[in-house]
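What follows is a set of notes on a single structure, which appears directly below.
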Amino acid sequence: MTARQGTRRPDGGHRVAVTGIGLKTPAGNEVQEAYETVLKARPTASVSALLTERGVSVRIACLVPPFDVESYLTRRELRQIDRAATLLLCAASDAVASARFADCGGLSPERVGVQIGTGMGGLASMEQVTTDHWDSPGDLPVHTVPRTMANSAACRLALRYGYRGACATYSSACASGTTAIGEAARRIRYGELDAVLAGGVDAPVTTVIVGAFAKMRAMSVRNDEPALASRPFDTDRDGFVMAEGAAVLVLERWETALARGATILGEVAGYAENCDAFHIVAPIEDGGMAARCMRRAVADAGLAPAAIGHVNAHGTSTVLNDRAEARAVERVFGAGTLPVTAMKGVTGHLIGGSGALEAALGLLCAARGEVPPIANLRSSPEAGLVDLVRAAARRVPPGRPVLSNSFGFGGQNASLVLIPA
């Protein structure tokens with residue numbers, strides 16, 4: 001693909017540059033570490049001591065490896081915020097540092113925003129305080145409200161850096177992180193903001209949340225072999241593995257990034273979202289609305305489907321989602337015409353954080369011309385519909401755009417097209 005020229009899109013809007021990435025994920029707490037873990041298809045699921053102790057039927061999860069939290073946050077801050085906000089603030093700190101953006105890049109703080117997606121919001125914190133203080137509401141911690149409100153993590157991020165532009169929290173289930181990045185890009189494209197910290201976060205490995213998903217039979221029950229539990233598109237899949245984590249991207253107007261000498265990693269070129277309006281938890285079986293979402297994202301980037309280099313699938317490792325998504329990809333691109341990967345075999349499902357993580361790593365994969373294999377994929381009933389990458393990373397021409405999908409409960413569909421610089 002020929003590199004885009006200039007600072008404006010064909011439709012006259014501002015191009016949106018990605019200048020920084022920060023991650024706190026089960027695959028690793030540094031970008032290169034997470035990239036290598038995904039590229040080598042190394043699953044991160046393990047037995048959770050909390051879930052085991054509480055007797056939850058599903059005892060496995062993908063957790064963020066320990067890191068020095070106090071190098072990012074003061075003890076006072078840590079007392080005031082919950083696990084999700086902690087992961088988001090730490091990931092954002094890395095993103096800001098990698099983009100050299102701590103001083104807003106010389107921009108007015110009122111032109112810099114925060115756009116964050118979360119599927120669970122403050123549910124984990126609400127579960128904790130309810131459990132601990134059910135019989136003693138008078139002893140509730142003073143920070144209960146700011147810890148449990150859904151917009152807490154995003155507002156803490158804006159407060160930390162003094163960014164005074166639009167600060168919004170998106171909750172579109174498992175599509176939340178993708179929605180946040182897409183909406184952030186739109187705000188830059190149309191001139192509302194000059195830069196945005198955009199991404200997603202969730203920390204849903206709790207008794208009630210995991211127990212509730214287990215009750216729905218949406219989760220893998222391979223408690224005795226966690227490394228084999230998450231297996232997108234595989235014949236023997238039996239559900240997803242819950243995960244925690246955060247991913248944040250620094251997005252800027254292309255001309256602003258150039259003017260300050262930033263390293264541009266790539267471009268958020270296309271975005272679309274729609275709704276199945278079919279079932280509260282199941283997708284449309286033929287993937288029709290998801291296919292429309294993908295087509296619109298590709299068209300929004302000013303591209304034809306043939307220009308896409310690979311698809312980063314939502315790929316949850318549930319039968320209904322994988323089957324519908326494979327049919328949707330086949331509708332848009334034809335049967336077996338381009339490589340399809342799915343990262344949740346490695347990372348598990350970060351709910352609101354997944355789309356942001358997959359967009360970030362998908363952009364790096366596209367830049368380097370490497371499509372990761374799908375962990376634990378041996379055989380697939382969808383193999384006739386899509387070209388699923390397995391066994392080893394697939395080499396492709398570097399620089400071609402990647403389409404990254406996220407599909408959530410409620411029929412929430414969101415797709416991004418990212419183009420390496």
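Between the side chain of Thr347 and the main chain of Pro26, no donor-acceptor pair closer than 3.5 Å is present. Formation of a donor-acceptor pair under 3.5 Å by the Thr131 side chain with backbone atoms of Glu127 is found in this model. Of the possible donor and acceptor atoms, one in the side chain of Arg390 sits under 3.5 Å from a partner among the backbone N and O of Arg378. No donor-acceptor pair under 3.5 Å is formed between the side chain of Ser220 and the backbone N or O of Asp238. Counting only distance, with no hydrogens or angles, the side chain of Asp322 and the backbone of Pro232 share no donor-acceptor pair below 3.5 Å. A side-chain donor-acceptor contact under 3.5 Å links Ser317 to the backbone of Arg231. A donor-acceptor pair is defined here as one N or O able to donate and one able to accept, closer than 3.5 Å; no such pair exists between the side chain of Arg187 and the backbone of Leu193. The main-chain N or O of Ser404 is never found under 3.5 Å from a side-chain atom of Asn312 such that the two would form a donor-acceptor pair. The main-chain N or O of Glu285 is found under 3.5 Å from a side-chain atom of Arg327 such that the two form a donor-acceptor pair. Here the side chain of Ser380 pairs no donor or acceptor atom with the backbone of Asp234 at under 3.5 angstrom.
Considering Arg395, Arg394, Lys40 as possible partners of Glu370, the one that fulfils the salt bridge (charged side-chain N to carboxylate O under 4.0 Å, His left out) test is Arg395.
Other residues, nucleotides and ligands contribute over 12 non-hydrogen atoms within 6.0 Å of the CD atom of Glu33. Heavy atoms from other residues, nucleotides or ligands lying under 6.0 Å from CG of Asp11 number more than 12.
Remark: Glu225 CD to Asn376 CG distance equals 9.0 Å, nearest 0.5 Å. Distance check, rounded to the nearest 0.5 Å: CG of Asn321 to CZ of Phe233 gives 7.0 Å. Note: Leu23 CG to Leu361 CG = 6.0 Å, rounded to the nearest 0.5 Å. One distance of note links CD1 of Ile21 with CG of Leu363; it measures 6.0 Å at 0.5 Å rounding. One distance of note links CZ of Phe407 with CD of Glu325; it measures 4.5 Å at 0.5 Å rounding. In this structure, CD1 in Ile374 is found 5.0 Å from OG1 in Thr341, a value given to the nearest 0.5 Å.
At a threshold of 4.5 Å between non-hydrogen side-chain atoms, the residues Thr318 and Arg237 do not count as touching. You'll find the side chain of Pro65 reaches within 4.5 Å of the side chain of Asn29, heavy atoms only. Contact annotation: the side chain of Arg15 never approaches that of Arg253 to less than 4.5 Å [non-hydrogen atoms, C-beta and beyond]. Between Phe333 and Leu403 the shortest side-chain heavy-atom distance falls below 4.5 Å. Between Glu267 and Pro401, every side-chain heavy-atom pair lies at or beyond the 4.5 Å cut-off. At a threshold of 4.5 Å between non-hydrogen side-chain atoms, the residues Met289 and Phe278 do not count as touching. Between Arg260 and Thr19 the shortest side-chain heavy-atom distance falls below 4.5 Å.
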Would Tyr72 and Glu77 count as a side-chain hydrogen bond (donor to acceptor under 3.5 Å, both in side chains) if you check the C-alpha gap in whole Å, the side-chain angles of each, and the deciding distance to 0.1 Å?
CA-CA 10 Å; Tyr72 293 92; Glu77 287 175 310; over 6 Å; no

Applying side-chain contact (heavy atoms from CB on, under 4.5 Å), run through Arg83 and Val64 and close with a yes or a no.
CA-CA 11 Å; Arg83 175 70 170 171; Val64 174; 3.8 Å; yes

Criterion side-chain contact (heavy atoms from CB on, under 4.5 Å) on Ile209 and Ile351, from CA distance to verdict:
CA-CA 11 Å; Ile209 294 174; Ile351 311 297; over 6 Å; no

Walk me through whether Arg323 and Glu382 qualify under side-chain contact (heavy atoms from CB on, under 4.5 Å).
CA-CA 7 Å; Arg323 181 187 299 157; Glu382 288 78 45; 3.9 Å; yes

What's the verdict on side-chain contact (heavy atoms from CB on, under 4.5 Å) for Arg222 and Asp236, showing C-alpha distance, side-chain angles and the deciding distance?
CA-CA 11 Å; Arg222 286 186 169 89; Asp236 294 328; 3.7 Å; yes

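Between the side chains of Ser379 and Thr235, a donor-acceptor pair is found at a separation under 3.5 Å.
Among pairs with a residue in residues 46-71, those fulfilling side-chain hydrogen bond (donor to acceptor under 3.5 Å, both in side chains) read Glu70-Arg75, at least two apart in sequence or across chains. For residues 41-64, the set of pairs meeting the ring-ring contact (aromatic ring centres under 6.0 Å, His included) definition, not counting sequence neighbours, is empty. Residue pairs meeting the side-chain hydrogen bond (donor to acceptor under 3.5 Å, both in side chains) criterion with at least one member in residues 360-369, sequence neighbours excluded, are Gln32-Arg368. Applying the side-chain hydrogen bond (donor to acceptor under 3.5 Å, both in side chains) test to every pair with at least one member in residues 288-304, sequence neighbours left out, gives these pairs: Arg189-Asp300.
At a threshold of 4.0 Å, the pair Glu358-Lys344 counts as salt-bridged, since one of the basic side-chain nitrogens sits closer than that to a carboxylate oxygen.
Residues that satisfy the ring-ring contact (aromatic ring centres under 6.0 Å, His included) test with Tyr161, not counting sequence neighbours, are Tyr163.
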Would you mind writing out the side-chain donor-acceptor pairs for residues 410-421 within the sub-3.5 Å range, not counting sequence neighbours?
residue, atom, partner, partner atom, Å
Asn413, ND2, Asn274, OD1, 2.8
Asn413, ND2, Asp276, OD1, 2.8
Ser415, OG, Asn405, OD1, 2.7

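Cation-pi geometry between Lys24 and Phe67 is satisfied (NZ or CZ under 6.0 Å from the ring centre, within 45° of the ring normal).
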